[in-house]
Structures are given as structure tokens and as C-alpha cells.
Amino acid sequence: MEYSPILHSLHVVPSSHVKNKLFVFCIMLSLWVYMIYCCVGYCSTMPSLAHGSVNGHENDAEVDIQESSLGASRDLLNNENDLDSRGDEWDEIRSEAKVLDDNAMSSFLNESESKKLPQAIIIGVKKGGTRALLEFLRLHPDIRAVGAEPHFFDRNYDKGLEWYRELMPKSSEGQLTMEKTPSYYVTKEVPSRIYTMSKDTKLIVVVRDPVTRAISDYTQTRSKKPDIPSFESLTFKNISAGLIDTTWSAVQIGMYAKHLERWLQYFPMEQLLFVSGERLISDPAGEMARVQDFLGLRRVVTEKHFHFNPAKGFPCLKRPEGNSKPHCLGKTKGRTHPNIDPEVVQRLRDFYKPFNSKFYQLTGHDFGWD
């Protein structure tokens, strides 16, 4: 049989073409499989609502004890403060999906991802701006943070560190794993427990004018229990004598210096960063620069990521490279505060003044609340 260049070329070209198609198909299939794997992995880190409802009643008594460092604490919400944050957690599923889409290719190329215990934790305070800070931080490519509040060190410590580790998202070498649970700051057992896990853990506390914080705390409670007593009656043990009730958690949380003294028994001040809740609203880029420096990260999150929403009264997030609509926090944030008797507000300011002064002294920073 004679050699035919025409037949030879007809044989070779289709073979090469098929190989190229197979190669492209394999790459696309691998990417799809990995993205499905990422989504499944993320879902496994979300807390189960059924699990939460079963354990909620068992933990109520324990929480009331743990959240007090100054005596028995009256928390009118009991565990309902979790409901407020869980309402936002479903919004976070959508934002987490965006992060997965953005990082799918880079993660695919890096097969060394694993679940790690957090190297940094946002430990407080409730109604201080912790949710906003976490959302801002999750814009950073070197941060992997679980959206739901684990409450490991105050409510689930008996489940062990491996249980805690499984809640964390996977991260690669060079990425920082984080979580936030605001009740840690006021729970007396937590400092020693975090120290036992790692004495090098970096701790972030978002603080806010304690009077405004207390009113915000009350506003959240009233949105769920409209029939609760007035803010004024809850604030005082004896209104005529002007005696503040420090067993009410809304008042107790704002005594920042008392709680900080306990943390300083285990961690040096260099490992704690106090973020101004007010500046997180008025100058989010400036506060984020401080936070990124504290965590040893590049200053990736800057002013181009923020868009102030006058209706909400706080900044929303935007993607600087696109024209998509800014992403704002959930409807549970930015509630309108009730009108409080100015005399009650002034008495609270007088009450907090010595605690604020001590706090300024310990942190080396005047937050300007007085």
C-alpha cells in the first residue's frame, strides 16, 4: 500500500483535536467538582438549627452564670441574642458564596488547605459593631472566618477543641482563621480557656459608648419582647435613690475596665486591639487599617470598599472593581432607638465615667465618651 500524505494528515489532525478537547473537558470537570466540594464543606460549618433548639434550654442556666463577672446577671433576652445574630447568618451564606466564587480558582491550585483553630478572635462586645467588623474583614483574601458565632469558650467548651476546629472554614498556608463571639469578653472563664488553646491568640474587642450600647441592647430586647419594662425602670434598683442596677447585663457589659482586668491576667496588652465602634462607622477604612496592621496583614480593605448608607446610618460594602449594588448588613442592624429620659442618660454617664477613665488608662486610648 502506497504512503499517502493526505491520508496521514487526515488521521493525525483529528487525533490532536480530540486530545485538546479532552484536556479542556478534564480541567472544566475538575473545577466544577472542586466548587461543589467547597460548597459542601461550607455547609458543614454552619450550625444546625435543630441542634441549637435542642441544646438551647440546657444551656440557659449555664449562660446566665458564665456571662457574669460581677455577680448574677439579668439578661432579659436569655438566648434570644443568638436569634438576632442568626438572622444575619443567613445573609452571610450569600456573601460566603461570593467569596467561594472569587477564590475557587486560587484554592483549586492550592491543595494544602485544612481546618485550623483560630489565630485571632473577635471577643466583644455585644452591640458594639462586631458583625460589621467581621464582614469588613471577610473582604480580605488572607482571612477565612466562620460566619456563625461558635460560642465554644462560653457554652460548648465541653465538646472539645476538635469539635471547635471542625466549625472553622478551610484555609491555606498564609491565611488567618478567625471567629467572633461577643459574649466572650464578659464571661469570666473564657480568658483562661483561650490561653490554654493558644497563648499567642490575637484578640479584638469592638467597644462603643457604654450608654449608647446599653440603649441599643435594650432596643434589641424590646424588638423581640415588646412588653418588657421601660429602660428607665430596668436601669435602676431604686429610681428615687438613683442606684444603678449593675446586675442587668445591658449595664454590666459596658463596665469595660472590669472585664479587661481579667483578660490582662492572661494576655499582654499587645495582644489585644480595641476598635472604636463609632469610628468603624465614621471612618471604616481608618479603623480597618489599624485592624489589618494588628493582624499582620496587607492593607487590602481600604476606603474604596465602603459606601455610606444614610438610611441605615452605617457603611455598606462594595466591590471596587465592579458596578454591583453595595451590600449592607441585615435588617436587624441600625434599629431606631427609643427616646430615653435625658436625666436617666446623664445618670448613666456619671455612673460609667470612672469605668471609662480606668479603661482609657489601661488601653492608652481616650475614646471620647465623656
Side-chain angles (χ1 to χ4, degrees), residues 60-61 63-85 124-131 154 182-188 205-262 274 276-278 281 313 332-360 362 366-370:
D60 279 350
V63 172
D64 288 340
I65 296 172
Q66 289 182 334
E67 288 193 347
S68 169
S69 62
L70 306 172
S73 171
R74 293 190 295 112
D75 190 343
L76 298 174
L77 273 176
N78 292 326
N79 278 348
E80 288 191 29
N81 54 354
D82 289 336
L83 298 180
D84 193 55
S85 62
V125 298
K126 179 185 176 186
K127 309 309 295 180
T130 58
R131 174 60 56 193
D154 59 348
S183 56
Y184 287 166
Y185 186 66
V186 298
T187 306
K188 62 183 180 181
V205 191
V206 187
V207 290
R208 180 185 184 188
D209 181 334
V211 177
T212 308
R213 197 222 66 81
I215 296 172
S216 179
D217 200 336
Y218 172 80
T219 303
Q220 175 181 309
T221 306
R222 196 177 70 165
S223 71
K224 302 177 184 304
K225 296 185 175 181
D227 57 342
I228 64 171
S230 68
F231 179 87
E232 290 82 355
S233 62
L234 291 168
T235 300
F236 297 101
K237 283 184 178 178
N238 186 320
I239 295 180
S240 59
L243 185 61
I244 303 293
D245 188 354
T246 58
T247 65
W248 184 27
S249 63
V251 170
Q252 188 183 107
I253 291 172
M255 302 162 69
Y256 301 138
K258 286 287 186 181
H259 308 301
L260 177 55
E261 288 174 341
R262 184 173 57 250
F274 291 88
S276 167
E278 289 84 6
I281 295 174
T332 62
K333 305 302 179 183
R335 295 187 184 96
T336 301
H337 290 180
N339 292 322
I340 306 298
D341 185 342
E343 184 179 348
V344 172
V345 172
Q346 187 56 52
R347 287 190 181 185
L348 265 180
R349 293 207 177 282
D350 294 339
F351 167 78
Y352 279 123
K353 193 167 185 177
F355 293 102
N356 291 345
S357 297
K358 180 67 173 177
F359 186 64
Y360 299 164
L362 290 172
D366 186 340
F367 288 88
W369 297 324
D370 301 315

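When all heavy atoms of D209 and R349 are compared, the pair lying nearest together is OD2-NH1, 2.9 Å. Looking at every heavy atom in both residues, R213 comes nearest to V125 through CD-CG2, 3.9 Å. Taking each heavy atom of I215 and I340 in turn, the nearest pair found is CD1-CG1, 4.0 Å. For the residue pair T219 and P338, the shortest heavy atom distance occurs at OG1-CD, 3.1 Å. For L362 against E261, the heavy-atom pair with the smallest separation is CD1-CG, 4.1 Å. The shortest heavy-atom contact between A214 and A250 is CB-O, 3.4 Å.
A distance of 11.5 Å separates CD of E343 from CG of L348, quoted to the nearest 0.5 Å. In this structure, the separation between CD on Q252 and NE2 on H259 is 5.5 Å, given to the nearest 0.5 Å. Taken from OG in S233 to CH2 in W248, the straight-line distance is 8.0 Å, to the nearest 0.5 Å.
Distance alone, capped at 3.5 Å, places no donor-acceptor pair between the Y185 side chain and the K126 backbone. Not one N or O on the side chain of Y256 forms a donor-acceptor pair closer than 3.5 Å with the backbone of Y360. The backbone N or O of D370 sits nowhere less than 3.5 Å from a side-chain atom of Y352 that would complete a donor-acceptor pair. Between the side chain of E232 and the backbone N or O of V344, no donor-acceptor pair lies under 3.5 Å. Proximity of a side-chain donor or acceptor of S216 to a complementary backbone N or O of T212 within less than 3.5 Å is not detected. Remark: the backbone N or O of K127 is paired with a side-chain donor or acceptor of R208 at under 3.5 angstrom. In terms of modelled atom types and a separation under 3.5 Å, the side chain of R222 and the main chain of S230 share no donor-acceptor contact.
Taking the ring centroids of F359 and F274, they lie under the 6.0 Å cut-off.
The cationic group of R347 lies under 6.0 Å from the six-membered ring centre of F236 and within 45° of the ring axis, placing it in a cation-pi geometry.
Inter-residue side-chain proximity for F367 and E278 is flagged as unmet; no heavy-atom pair is nearer than 4.5 Å. T235 is not listed as a side-chain neighbour of Y218, based on a closest heavy-atom distance of 4.5 Å or more. Put simply, the side chain of D245 does not reach to within 4.5 Å of the side chain of L234, judged on heavy atoms.
More than 12 heavy atoms of other residues, nucleotides or ligands sit less than 6.0 Å from atom CG of N238.
In this structure, F351 and F355 have tilted ring planes: the angle between them lies in the 30° to 60° band.
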